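Structure record follows, encoded as C-alpha cells.
Note that the coordinates shown come from a computational prediction; the quantities given were computed from them, not determined experimentally. Order of the sequence lines sets the chain letters (A, B, ...), proteins ahead of strands, with each chain counted from 1.
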Amino acid sequence: MIVVMKLPKVYEAGQYESDIYALWEKSGAFTADPHSTKEHFSISMPPPNETGTLHIGHALFVTLQDILARNARAKGKDVLWLPGTDHAALPVNALIEKQLTDEGTNKHEIGREAFLERTRAFVGNSRDTINTQIRAMGASVDWTRSRYTLDESLNRTVNEVFVKMYNDGLIYRGNRIVNWDPNLETNVSDDEVVYKEEQGKFYTFHYGPFQIGTARPETKFGDKYVVMHPDDERYAQYNHGDQFQAEWINGPVTATVIKDESVDPAFGTGVMTITPWHDQTDFDIAERHGLDKQQIIDFHGKLLPIAKEFAGMPIHEARPKIVEKLESKGLLVSVDENYAHNVALNDRGKGVIEPQIRLQWFIDVNKPAVDWKGEKLTLKQTMQRVITDSDIEIIPKRFEKVYFHWIDNLRDWCISRQIWWGHRVPVWYRTNIDGKTETYAGLQPPTDTSEGWHDWEQDPDTLDTWFSSAMWTWSTLIDQNLAKDPSLSLEDLLEKSIDFKTYHPTTVLETGWDILFFWVARMILVTTYATGQVPFKHVYLHGLVRTENGRKMSKSSPETIIDPMEVIPEYGTDALRLALIQGMSAGNDQRVGRTKILTNRNFCNKLWNIARFIEDTIGDNPDREGAKPISAADHWIVGKLDEAQTKISNDLDKYRFSEAYDTLYHFIWDDFADWYIEASKVEPNKPLLAYLLESVLLLTHPFAPFVTETIWQTLAWEADSILASRELKDIIDHDKKSAADFTEIQAIVSETRFILKALKASGVTLYYNDAPFIWENAGTIKRLARLQDVTETEEGTGVYLTSTKHRSWLDIDARTAQAYLKELQIKQGQQAAAITQLENRLGNENYVKNAPREVVDETKQQLQDAKDLLATLEQETQRFAIMPTE
RNA sequence: GGGUGAUUAGCUCAGUUGGCUAGAGCAUCUCGUUUACACCGAGAGGGUCGGGGGUUCGAAUCCCUCAUCACCCACCA
C-alpha cells in the first residue's frame, strides 16, 4: 500500500489517487448493509449514458452526492449510493444507424436481431470508460449493486409497470399528433423538442373570398377548411358550415367555413386554413369539429401524391416552386421577408420536427387511477399532492412553482418510440382472416392458437428511455434473482426485496434543474403509481457549470471545456471537487475556471503540510491517549473545532455545500494553521495535536477524500484503518473562559503586528507592568507577534496597546512612534462615530421597546466597549501630544 | 404571451427565519525566507448591497415599481 516514510513537501495528488480508490473499493467501505441496525441513507446516482465520457456536469453531481454519502457514513449511517448506466436509447440508436448508413446499408436490411446484436457489442465496449472515470472522481458508490437500465430485472419492472398501467386503463393506444423526426424516423416527447428562432418568409394568398397567411405553403395541398373567430365582425356574413369554391394550387377546391375561438383575430387577416395532420393546434380544431384529416408529407419528409407534380420532393425544395405556381396563378398577395418564427428541432440530433399523426402509446395523465392516501387521484393530481403535502421537498423551493406550471401544461405522455434500442413495448397483436385484430398486453404472448387467427406478434416499438428511467430509484432495488421468477407479482417482488424495503424511498435525489421535467417529475409520476411511495424525500437541484466567462461549455468550442479528466492529473481530484462547490448555491449556475481549481489545490497542499508539521512534531508513533486541552490556545482551538463541526453538520443537513466548505476552509487555514499551529510551536501539546489532526482529517474527508485518506494512510497510526469508513470523533471537553483568554492574546498580537507594520519597526520588546495575564502568555505573544522580548518592567514610554486592558507597551522611541499618532487619530474617529450611532439607537425608545432583549443588551455592551476603547485611545493620543519629539 | 432568477469590492460569488461597524476567493498595494507549507506568512486599500418608493425600532434580506441581463414554459396560422 501507500508507504511514504516521510511526507514530501508538496502534495502530488496524481501519485496516490488510484491506489487510494483501490484501497477503498477493496475494503468494502462503500458496500451498503441492509441488515445494519444503523440509520439508513440512500441516494440513486443519476445514471450517465453508457457510451458517454465524464464531463464537468458529471464531476459536479458526483462531488455533491459523494459529500452527502461520505458525510452520512461519518455520522454513523449505513449508506447506499447506487450507481449505474443508462442505455440512452435515442443517441445510441442514432449512432449505430449512422454507422450503417456510412457502410451503405440500414437497419431494415440487416434486421432487428442483427441490429441489436451490433448495438450490444458497441455499448459493451464503451461502458467501462464512464465507470472508470466515476471512480477517478472518488465516488463512494456501492459497485456491487451497480445497475444498467436494460438489466433483466429492470426490464421486468418496466414491463410489469406497463402492463399494470394498461390494465388500469392508464395506457392507451391512439392516433395523435406526435413530434416526428424524419431523420431518426421516430417521434419524441414534447419535452425533447427545442425551438430555434429563424428568419423566414410569411406568405399571404387568396383563398376564395379570403386571404390566408402561412409560412408553410407546402402543407397546404389538402386544406379545405377556413377558420375564423366567431366574434370577428369582418367575417360576420359567413356562417359556420358555409361552403364555397376556391381556386387552389392544383385546381379548384370546395372549402368549408369553420368558426373556432382558438383563432386570434389580430393575427394576419384573422382567417386561416388548417392542416390537421401536421399541426397540433389544427389537429385540436379538427377534433372539435369532426373534420377530415389528410396526410401531406410522408415520414421521410417528402410530399405525398396529393401534391401531384410536387410529389416526392423534400419540403425545402418544393416550397419555392409551390409559391411560384401560386404566384403565376395570381393567388399570391404578399410576401413578408422578415418573418421571425420558431423552428421545432429534436433536441437529440437537431433534426427538424414534422408533426405527424401516428398510432402511438400514451399515458393518460387525467384519469383517476392512483390510490394515494385513501383517494383515487389522477397522475397529475398525485404529482401535485406529493409536493403540496410536503412528502417531497424541492431545493431550492422556487422550482416547486416551475414544477407546478409544467404539470398544468402537461398533456398525455407519448411513450412509444420507433427505434429498436430499448425496452420493447410488451404488447402483442394478432389478426384473423377477416382482418379483425386482437391486442394483448403482458410479459409473454398468450399461448393459445385459435382457429383462423395468425400468430401473436409483438409491437415493434420501444419505450421512451424516460419511462424506464422513471423507475430508477426502485427498479434498481429489486432482487435480481427474485425478478427471474415469473410466478411473483410486482407487489411480491417489492415486498420480498430487502433493498427495496430498506432503502426506499431514497433520502435525496441530487440532479440538475435542467432535467426536472424529463426525469424528476416522471419519477414522481411513475413511482407513486407503481409503488405507492414517493421516490425520494428531498430533491436537490444544482445549476449548470459554465466557463470562467459565463458561457455554456459546448462541444462546438472545445477550448471552453474544462475536461475533468485533464484537470485531475494536473491538480488532483480533490482540487476539482472543492472548486466545484466553492461559491455554489442551489439551482444557480456557476462559473469554474483554472484559477479556482488552483486555489483549492493549494488548500489540499495546506492540509498536507499541516500533517507534515504535526508528524514532525509528535513523531512516527505518537502518544494519542488522553488528549486534553491545557493552554488557552488548546481550549480555544477545541472550541473552534466544535463550532466548525456543528456548523458543517447543520449546513450539510440543509444541503448548503458552499457554506459548509467555507466554514471548513477558514477553520483549517485561519484558525488551525495560522493561529493554533503557530501558537503550539511554543510548547506543543502532542496528544492534542494528534487528536486535532485526526478530527480535521475526518471532518474534511467528505469534501476532499483523497488527500485526507492519503495522509491517514501515510501516518499509519492505526493498522488497517480506513478514514472512509470511520465516524467523526467526539469533541473533547474544553473551557470557554480559557478559550476567551486566547482571543485576548490574539487581540494583543494583532495590534502589535499592526503597529510594528505601520512603523516599519522590528526587534521590538513589549513591556508590561502589573499584568499577570501577559506574564503567563509571554512566550506565545512573543512568538506570534515576532517580538524581541516580552518583559516586565517599571512604567516607561513607548506605544501603549489599546486593545487590551492589560497594561503593556511597545518599546519604540518617541520619534518613530510619532508616526503612529495618525493611526490613533483615525481609530479615535471611528470609535466616536460608532458611539454616536449606538447612542442614537439606544436613544430610540421604540428600539428599546420592540427589539429582542438580547439584541438590546448586545448594543449596550457594544456601546460600553466602544466608550472604553475611546477613552484609552484619547489617553494615548494625549500622551503622544506631550511626548518629546527629540 | 406567461413565468423564474440575477443585479453586493476591480473580477467571480456567499450572505439561512429582517438584528454585530456587509463577507470570502482571486486580483491590487506594502512588508517578510521565522526549521509545515512561496501551492507560504503578516498587514493594508477597496462596497451609499442596480434606481426609486413603502412597511419596520431596524432592510442586502419583506412589499410595490422601474431598468438591465440571463433562463424556463407556451407557441401564432
- Item | Earlier contact from the 5' end, RNA chain B, for A851(A) and M584(A) | M584(A)
- The correct list of stems in which RNA chain B takes part (3 or more consecutive Watson-Crick or G-U pairs, distances under 3.5 Å) is B:1-7 with B:67-73, B:10-13 with B:23-26, B:28-32 with B:40-44, B:50-54 with B:62-66
- Message: The criterion is ring-ring contact (aromatic ring centres under 6.0 Å, His included); which residues satisfy it with F267(A), sequence neighbours excluded?
- Response: F202(A)
- Query: Using a cut-off of 4.0 Å on non-hydrogen atoms, how would the nucleic acid contact of T273(A) be classed: base, sugar-phosphate, or nothing?
  - Reply: sugar-phosphate
- Query: Of the candidate nucleotides C75(B), C39(B), A36(B), which contains the atom at the shortest distance from the side chain of Y195(A)?
  - Reply: C75(B)
- Task: May I ask you to say what R411(A) touches in the nucleic acid, namely base, sugar-phosphate or nothing, with a heavy-atom cut-off under 4.0 Å?
- Result: sugar-phosphate
- Task: With the side chain counted from C-beta on, respond yes when N840(A) and Q837(A) share a heavy-atom pair under 4.5 Å apart, and no when they do not.
- Result: no
- Item | Touch class at under 4.0 angstrom, heavy-atom based, for D674(A) against every strand present | sugar-phosphate
Identify all pairs in which a protein N or O lies below 3.5 Å from an N or O of nucleotides 28-34 of chain B, and state each distance.
from, atom 1, to, atom 2, distance (Å)
C31(B), O2, K757(A), NZ, 2.8

- Give one of base, sugar-phosphate or nothing for N342(A), where a contact means two heavy atoms less than 4.0 Å apart. base
- Looking across every strand, which nucleic acid part, if any, lies under 4.0 Å from H341(A) by heavy atom: base, sugar-phosphate, or nothing? nothing
- Is the closest side-chain donor-acceptor distance between D191(A) and S189(A) under 3.5 Å? no
- Message: Go through it in stages, so that I can follow the logic: the residues are N346(A) and N179(A), the test is side-chain hydrogen bond (donor to acceptor under 3.5 Å, both in side chains), and I'd like the CA-CA distance, side-chain angles, deciding distance and then a yes or no.
- Response: CA-CA 8 Å; N346(A) 182 356; N179(A) 305 297; over 6 Å; no
- Message: Here's a test for you: under side-chain hydrogen bond (donor to acceptor under 3.5 Å, both in side chains), which of N600(A), T700(A), D651(A) qualifies with Y661(A)?
- Response: N600(A)
- Integer-rounded Å distance: C13(B) C1' and F657(A) CZ: 18 Å
- Message: Students often get this wrong, so: under 4.0 angstrom with heavy atoms, is F754(A) touching a base, only sugar-phosphate, or nothing?
- Response: sugar-phosphate
- Task: In whole angstrom, give me the gap between the P atoms of G46(B) and G23(B).
- Result: 14 Å
- From the options C75(B), G41(B), C37(B), select the nucleotide whose nearest atom is closest to the side chain of E678(A). C37(B)
- Task: Scan F399(A) against the nucleic acid and name what it touches under 4.0 Å (heavy atoms): base, sugar-phosphate only, or nothing.
- Result: nothing
- Task: Quote, to the nearest angstrom, the C1' distance that separates U55(B) from A70(B).
- Result: 30 Å
- Using a 4.0 Å heavy-atom cut-off across all strands, classify N650(A) as base, sugar-phosphate, or nothing. nothing
- Query: Roughly, in whole Å, what's the span from CG in D671(A) to P in G41(B)?
  - Reply: 13 Å
- Message: Students often get this wrong, so: under 4.0 angstrom with heavy atoms, is A834(A) touching a base, only sugar-phosphate, or nothing?
- Response: nothing
- Message: Once hydrogens and angles are ignored, does a donor-acceptor distance under 3.5 Å link the base of A36(B) to the side chain of K681(A)?
- Response: yes
